[in-house]
Every structure is written in C-alpha cells, then in structure tokens.
Amino acid sequence: MTKTVVLTGAGVSAESGVPTFRDARGLWEGYQVDEVATPRAFRARPDIVHAFYDARRASLETVEPNPAHVALARLEAGLGDELLLVTQNVDDLHERAGSTGVLHMHGQLRSALCVGCDVRSPWTGPLGDGPDCPACGAPELRPDVVWFGELPYEMDRIFAALDEAELFVSIGTSGAVYPAAGFVQYAAARGARTLELNIEPSEGTHWFHEARHGPASVLVPEWIDRLLG
Ligand code: BJW
C-alpha cells in the first residue's frame with residue numbers, strides 16, 4: 001500500500017454549498033481578511049469576529065457531504081494507517097462522510113478555545129453572547145480556528161507524515177496560504193509523487209508532478225476508484 005498524505009481545502013466543500021475564501025462570492029467578500037482572520041482583529045472587534053464565525057457555525061446545519069468527501073472516507077477504509085487526511089477546512093464534512101482520522105490544521109468551527117485556560121471544547125451554538133468555558137468557567141471563549149500569525153495545529157505530525165509519504169495529493173486549495181502551500185515542495189523533495197486535483201490551476205500548480213482540473217465531486221471519486229482498483 002502507498003503511504004499517502006491528502007491535503008484538502010475549501011474547494012472540496014464548495015459543491016456542498018460551503019463558500020470558499022478567495023473565489024468570487026467567497027467568504028471574504030465584504031470583509032477584509034484582517035478584519036476577521038487575525039488575533040488583532042479579534043482583540044479589536046470581537047463582536048464582528050464572533051458574528052462572522054457564529055453565522056458560519058450555524059450554516060453547517062444546512063450542508064451535507066458531497067461525493068468527494070464520501071470518496072475520501074472510502075480511501076481511509078482502503079488505506080487505513082497509510083493515509084493521513086489533513087484538512088485546512090473548519091467544517092466537519094469529512095467526519096460526516098465517515099472519515100475518522102482527519103487532522104484539522106486550521107481548527108474547527110464546532111469547537112471553542114478558551115483564551116483563559118487553553119482548553120478546547122466541542123461547541124455547536126453561538127459564542128457572541130459570551131458563554132462560560134466548560135472547563136474553567138471564564139467567559140473567554142473564542143472560535144477554535146487558526147488565524148494569520150498563529151501556528152497551525154499538529155505541524156509535527158504533518159511533517160512526519162510528509163517525510164514518509166510516497167504520494168501527496170492536494171485537493172481544492174488555492175495554494176495561497178502557508179505552511180500548507182509549501183507541503184507539495186516539501187513532500188516532493190523527500191521523494192513523494194505529487195498530484196493536484198482542483199477546478200483550475202492553483203497558485204502552486206507548477207510544483208506538482210501532475211495536475212487534473214475539474215470539480216472535486218468528479219475528480220476525487222475517479223482518482224480514488226483507480227487507486228483502490
Ligand atoms: C474547487 C472547487 C471545486 C473551488 N472543486 N476545486 C511564507 C511562508 C510561511 C508562512 C507565511 C509566508 N508568508 C506569509 C506567511 C504567513 C501566513 C500566510 O500564509 N499568509 C499568506 C497570505 C501569504 N500564514 C500564517 O500566518 C499561518 N501560520 C504560520 O505560518 O505560522 C508559522 C509557521 C511557520 C512554519 C511552519 C508552521 C507555521 C496560519 C494560516 C492560518 C490560515 N487561516 C485561515 C482562516 C481559518 C479560519 C476560517 O476558516 O475563517 O484558513 S485563512 C483561509 O485560507 C483558511 C483556509 O484554510 C486557508 C486556505 O484557503 P483554501 O482552502 O485554499 O481556500 P481558497 O478559497 O483560497 O481556495 C479554494 C480553491 O478551491 C480554489 O483554488 C478554487 O479554484 C478551488 N475550487 N471550487 C475543486 N468544486
């Protein structure tokens with residue numbers, strides 16, 4: 001079996017109705033990135049930042065996994081421990097499709113992080129009304145997402161898997177945000193074959209050995225059918 005690292009981005013959830021970030025009508029249309037996606041923005045205007053994430057958390061109730069998420073769950077069943085599925089997405093559509101070992105490097109909407117005690121708690125409701133932390137009781141919860149300037153989660157585990165990977169596949173990400181955008185070069189330098197599946201060439205498309213362009217709901221099941229035979 002092939003040791004495989006798959007990286008997904010907003011494009012894998014686009015056909016489920018979750019907006020991407022940088023496309024037209026993306027999440028940041030109407031917002032400046034630095035209004036909502038930095039620790040400084042949160043300190044300056046927690047009301048705006050909470051409203052942005054509370055709305056996105058609530059909208060998860062209206063979306064469902066698409067065939068790309070379902071196929072990736074099938075890949076996990078086929079490859080077992082040989083697969084590490086890393087997502088930049090903060091939605092839970094991989095889990096709802098049946099994936100169990102997903103590494104959310106940019107955090108999760110359905111989780112809250114306590115600024116006081118650093119404990120992460122499952123969370124489905126709003127945070128804007130200042131609820132207490134279930135662990136320490138302080139009313140200091142923030143969205144458990146990784147903003148610009150913060151360290152993404154579990155980087156050691158990701159780079160260890162990239163060190164060993166024979167195949168690295170990037171799905172539905174623009175390649176605009178580091179460190180995820182650098183995984184392709186890192187994996188290729190250590191001997192992995194690299195494949196991009198995206199609706200259009202990403203910013204880093206030239207770094208991949210192979211790139212296929214089309215909707216994730218079509219390309220991902222096709223690729224996985226062929227891989228699993
Ligand atoms: C489809 C499709 C369909 C559409 N089918 N495809 C150089 C090196 C290292 C770091 C930096 C650097 N320069 C600057 C930095 C710092 C910064 C950074 O990258 N800035 C850039 C603006 C340049 N990075 C950081 O600050 C990160 N931390 C960090 O670097 O710490 C230090 C460190 C050093 C070394 C090792 C480790 C750490 C933190 C970044 C945090 C990003 N956070 C966000 C917000 C999360 C919360 C939230 O959701 O609101 O994460 S930003 C946003 O972008 C979000 C996403 O996960 C991320 C990536 O976006 P993604 O998924 O690619 O979405 P889009 O919209 O950009 O693209 C979608 C793609 O899908 C497009 O290509 C479409 O065409 C395609 N598509 N429909 C297939 N149907």
Side-chain angles (χ1 to χ4, degrees), residues 6-29 31-42 48-57 59-60 63 65-69 71-72 86-94 102-111 113 127 142-160 162 169-186 195-205 208 211-223:
V6 171
L7 171 71
T8 63
V12 82
S13 295
E15 291 163 82
S16 293
V18 180
T20 61
F21 292 89
R22 293 170 183 82
D23 295 315
R25 294 185 303 283
L27 273 170
W28 284 339
E29 199 181 68
Y31 288 91
Q32 297 288 334
V33 173
D34 54 10
E35 258 181 58
V36 289
T38 67
R40 203 171 64 152
F42 182 61
I48 290 182
V49 176
H50 275 311
F52 179 68
Y53 287 98
D54 283 352
R56 287 172 59 196
R57 192 177 306 103
S59 74
L60 288 183
V63 297
N66 69 55
H69 300 104
L72 285 163
V86 180
T87 188
Q88 299 170 86
N89 297 344
V90 294
D91 66 52
D92 58 354
L93 294 178
H94 284 305
V102 187
L103 193 162
H104 284 267
M105 66 178 288
H106 290 163
Q108 299 193 62
L109 281 172
R110 285 184 161 169
S111 176
L113 172 66
L127 288 171
R142 57 162 270 188
D144 185 11
V145 299
V146 177
W147 287 317
F148 287 110
E150 297 184 316
L151 193 62
Y153 284 114
E154 299 204 60
M155 292 309 301
D156 290 350
R157 213 177 125 212
I158 296 172
F159 281 115
L162 292 171
V169 184
S170 172
I171 302 170
T173 175
S174 58
V177 175
Y178 287 84
F183 291 170
V184 57
Q185 287 164 271
Y186 186 94
L195 169 66
E196 168 170 278
L197 304 176
N198 208 57
I199 207 158
E200 62 186 10
S202 72
E203 286 186 24
T205 195
F208 290 84
R212 299 179 198 162
H213 298 130
S217 65
V218 174
L219 292 188
V220 177
E222 272 177 9
W223 163 62

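As the structure lists them, so they are numbered: ligands from 1, and atoms in each ligand from 1.
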Give a yes or no on whether the backbone of Trp147 and the side-chain of Glu150 come within a donor-acceptor separation of less than 3.5 Å. yes
Any idea which atoms of ligand 1 are less than 4.0 Å away from a heavy-atom of Glu15? 3 (C), 5 (N), 80 (N)
Crowded around Arg40 CZ? As in, over 12 foreign heavy atoms under 6.0 Å? no
Heavy-atom proximity to atom 23 (C) of ligand 1 ranks first, among Ala176, Ser217, Ala180, for Ala176
Of the listed options (Pro215, Gly11, Ser16), which comes nearest to atom 71 (O) of ligand 1 when hydrogens are ignored and any heavy atom counts? Gly11
So the atoms of ligand 1 within less than 4.0 Å of a heavy atom of Trp147 turn out to be 39 (C), 41 (C)
Which atoms from ligand 1 have a heavy atom of Glu200 less than 4.0 Å away? 75 (O)
Which atoms of ligand 1 are found less than 4.0 Å from any heavy atom of Val145? 47 (C)
Where ligand 1 meets Leu151 - atom numbers and elements under 4.0 angstrom, heavy-atom basis: 33 (C), 37 (C), 38 (C)
Proximity winner for atom 20 (N) of ligand 1, if only heavy atoms of Phe52, Phe21, Tyr53, Phe148 are counted: Phe148
With atoms numbered from 1 as shown, which atoms in ligand 1 lie under 4.0 angstrom from a non-hydrogen atom of Ala14? 78 (N)
A student checking ligand 1 against Gly172 at a 4.0 Å heavy-atom cut-off should list atoms 6 (N), 69 (C), 70 (C), 71 (O)
Using 30° and 60° as the class limits, which term best fits the ring planes of Phe159 and Phe183: parallel, tilted or perpendicular? perpendicular
Using heavy-atom distances only, which candidate in Gly149, Ala68, Gly9 approaches atom 26 (O) of ligand 1 most closely? Gly149
Can you list the atoms of ligand 1 that are under 4.0 Å from a heavy atom of Val90? 49 (O)
